[in-house]
Amino acid sequence: MIFALLAVVLVLVGAIHWYLWKRLVKDTTRTRRARRIGTVVAVLLALVIPATLALSRTLPHSRQPLVAWPGFLWLAVMFYLLVTLLLLEIPRLAIRLWQRRAGSPAPSETAGSDFSPDDGNVGNVPRGAGDISANAAPSGDAAPAANSARSAALGETALASEAPSPAAADGFDASRRLLLGRSLAVTAGVLSASAVGIGAYQALGAPELKRVPIRLGKLPASMDGFRIAVVSDIHLGPLLGRAHTERIVRMINGVDADLVAVVGDLVDGSVAELGAAAEPLQDLRAKHGSFFVTGNHEYFSGWREWVDEVNSLGVRVLRNERVEILGLDLAGVNDATGASAGDGPDYGKALDGRDAGRPVVLLAHQPVQAREAAKHGVDLQLSGHTHGGQMVPFNLLVGLQQPVVAGLGKVDGMPVYVTRGAGFWGPPVRFGAPPDISIVELHGA
C-alpha cells in the first residue's frame with residue numbers, strides 16, 4: 001500500500017513538473033544550453049518533493065527544518081505555478097487564435113493570383129525564373145522537351161509560392177511564440193510568488209481572534225454568553241515549535257474564556273521530539289478547564305503517548321466521553337482515523353443515556369463526523385481539520401470530502417462550527433485561509 005501510494009505521488013509530481021518544464025523552459029528558451037540548464041533544474045525540483053516528504057519525518061528533529069523549509073516552500077510555489085499556468089491557457093489559446101486569423105490572407109488578396117500563361121510573372125515568381133526567351137527558343141525535336149521542362153518549372157514554382165510556411169500556416173511565427181511564452185511565464189511567476197509570499201506572511205503570523213455568536217435553544221439563561229475558545233490544527237512539527245504554542249496560549253488567556261477546546265491535530269511528531277514544544281499548554285487558563293480530542297495526525301505520531309502527555313499538562317482528553325459543565329454537556333469523540341488503530345469514535349458511549357433536556361456540545365476533529373453526531377441529538381459540533389482549505393483554491397477539493405470547510409454551517413439540521421486552525425501542515429503558506437482562534441459565544445434562542 002505504501003509503495004503504491006509512493007508510486008502515485010511520483011507519477012503525479014513528475015507529470016506536474018513536465019508541464020512546468022514545457023511552459024517555463026521549453027516555451028521560453030531559444031538556445032540548447034539554456035534549455036538543458038532548465039531541464040536539469042526541473043528534474044532536481046521534481047525530486048525535492050518526495051525527498052522532503054520522506055526526510056522531514058525521518059531525519060533527527062533538529063535537522064528536519066533544513067529539508068522542510070525549502071522543500072515545502074517549493075511545494076507551495078509549484079502548486080500556484082500549476083494553477084496559474086492552467087488558468088493562463090485560456091488567454092494563450094485566445095491570442096493564438098487571434099494571431100492565426102490575423103495572419104491569414106484575405107480572399108481579395110488571393111483572387112488574382114491564379115497562374116496565366118500570358119503573365120510575365122507567376123504569383124511571386126520573378127520574371128526569368130524558368131522563363132525561356134523567344135529569341136533562345138529551341139528548334140526541331142528539342143522544342144517539345146524544352147516546352148515541357150518550362151511548364152514543369154513554372155508549375156512547381158507557382159505551387160511553392162502558394163504553399164505557406166509552417167509558421168505562416170497558423171499566423172504565429174517563432175518569435176511571437178517565444179514572446180508569448182515568456183510573457184505568460186513571467187505573469188505566472190509573479191502571481192505565484194505573490195500568493196506564496198502573502199500566504200507565508202499569514203501562516204507565520206499571529207492567528208486571527210474570531211468572535212462567533214451561536215444560539216442554542218436549550219441553553220439555560222444563566223449560561224447566556226458562555227465563551228468557548230476553540231483552537232485546532234496547531235501542528236507542532238519541523239516548522240512550528242514552542243514559540244508557536246506560547247503565542248496561542250497567550251492569546252487564549254487574553255480573552256479569559258470560560259472553557260478551552262483543542263479539537264485535534266496538535267502535533268506532527270513524537271512526544272520525544274515535540275514534548276517540550278507542547279509544554280506551554282499547561283499554562284492555559286479557563287474557568288471550567290481545557291479539553292482535547294484526538295485528530296488524524298495524532299494517530300501518525302504515537303497517539304497513546306500523546307494522550308498521556310496532554311493529560312499530564314492539565315488538558316483533559318475526552319475519549320468518547322462527556323462531562324457536565326453547569327447547564328450543558330460537553331462531549332468528545334476520537335477522530336475517525338483512530339478506527340484503523342483500534343481507537344475510533346464511539347458516539348453511543350459519548351452521547352447515549354444523557355438528559356435530553358440539556359444542550360450537548362460535541363468536540364470532533366473532522367466536520368464529516370457530524371453526520372453520525374446528528375443522529376444522537378447533538379446541539380452543536382465544534383471541529384477543525386480542514387484548515388479552511390489552507391491554500392485557495394484547494395478549499396474546493398476539501399469541500400468534496402467535508403460538509404463544512406470553514407465557519408458555521410449545518411449538517412442534517414445540526415449546527416457545525418469549523419475553525420480554520422492555528423497552524424499549517426506541509427507548506428508554511430495559508431493563502432485565502434488565514435489561521436484563527438475562534439471564541440464561540442453561546443446564547444439562548
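Small disclaimer: the values here were computed from a predicted structure and weren't measured.
A donor-acceptor contact closer than 3.5 angstrom links the side chains of Y299 and D343. Side-chain contact check for T28 and R182: no donor-acceptor pair (N or O, by modelled atom type) lies under 3.5 Å. A donor-acceptor contact closer than 3.5 angstrom is absent between the side chains of W303 and T294. In this structure, a donor-acceptor pair under 3.5 Å is present between the side chains of Q402 and Q366.
Checking I198, V196, L75 one by one against V429, the side chain to side chain contact (heavy atoms under 4.5 Å, CB included) holds for a single residue, V196. Of the listed residues (V404, L408, V263), just one forms a side chain to side chain contact (heavy atoms under 4.5 Å, CB included) with V418, and that residue is V404.
Centroid-to-centroid, the aromatic rings of H385 and H297 stay 6.0 Å apart or farther. Between F226 and H288, a ring centre-to-centre spacing shorter than 6.0 Å is recorded.
At least one donor-acceptor pair closer than 3.5 Å links the side chain of T386 to the backbone N or O of V405. At distances below 3.5 Å, not a single donor-acceptor pair connects side-chain atoms of D258 with backbone N or O atoms of I228. Not a single donor-acceptor pair under 3.5 Å links the side chain of R57 to the backbone N or O of T52. Under the 3.5 Å distance criterion, the side-chain polar atoms of D412 are left unmatched by any main-chain donor or acceptor of A374. A donor-acceptor contact shorter than 3.5 Å is absent between the side chain of N334 and the backbone of R319. In terms of modelled atom types and a separation under 3.5 Å, the side chain of T337 and the main chain of N296 share no donor-acceptor contact. In this structure a side-chain-to-backbone donor-acceptor pair under 3.5 Å is missing from Q390 to A433.
Taking the six-membered ring where tryptophan is involved, the planes of F431 and Y80 are perpendicular, since the angle between them exceeds 60° and thus also 30°.
With rounding to the nearest 0.5 Å, the separation of CD1 in I325 from CG in L259 is 4.5 Å. Distance check, rounded to the nearest 0.5 Å: CG of N311 to CZ of F292 gives 9.5 Å.
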For this session: Before giving the answer on side-chain contact (heavy atoms from CB on, under 4.5 Å), spell out for R96 and L180 the whole-Å C-alpha distance, their side-chain angles and the decisive distance to 0.1 Å.
Result: CA-CA 9 Å; R96 292 286 296 273; L180 177 62; 4.1 Å; yes

Exercise. Given the rule in the side-chain hydrogen bond (donor to acceptor under 3.5 Å, both in side chains) test, do S383 and Y417 qualify, once you have shown the distances and angles that lead to the verdict?
Worked result: CA-CA 6 Å; S383 298; Y417 179 75; over 6 Å; no

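When all heavy atoms are compared, the tightest approach of V378 to L380 is CG1-O, 3.3 Å.
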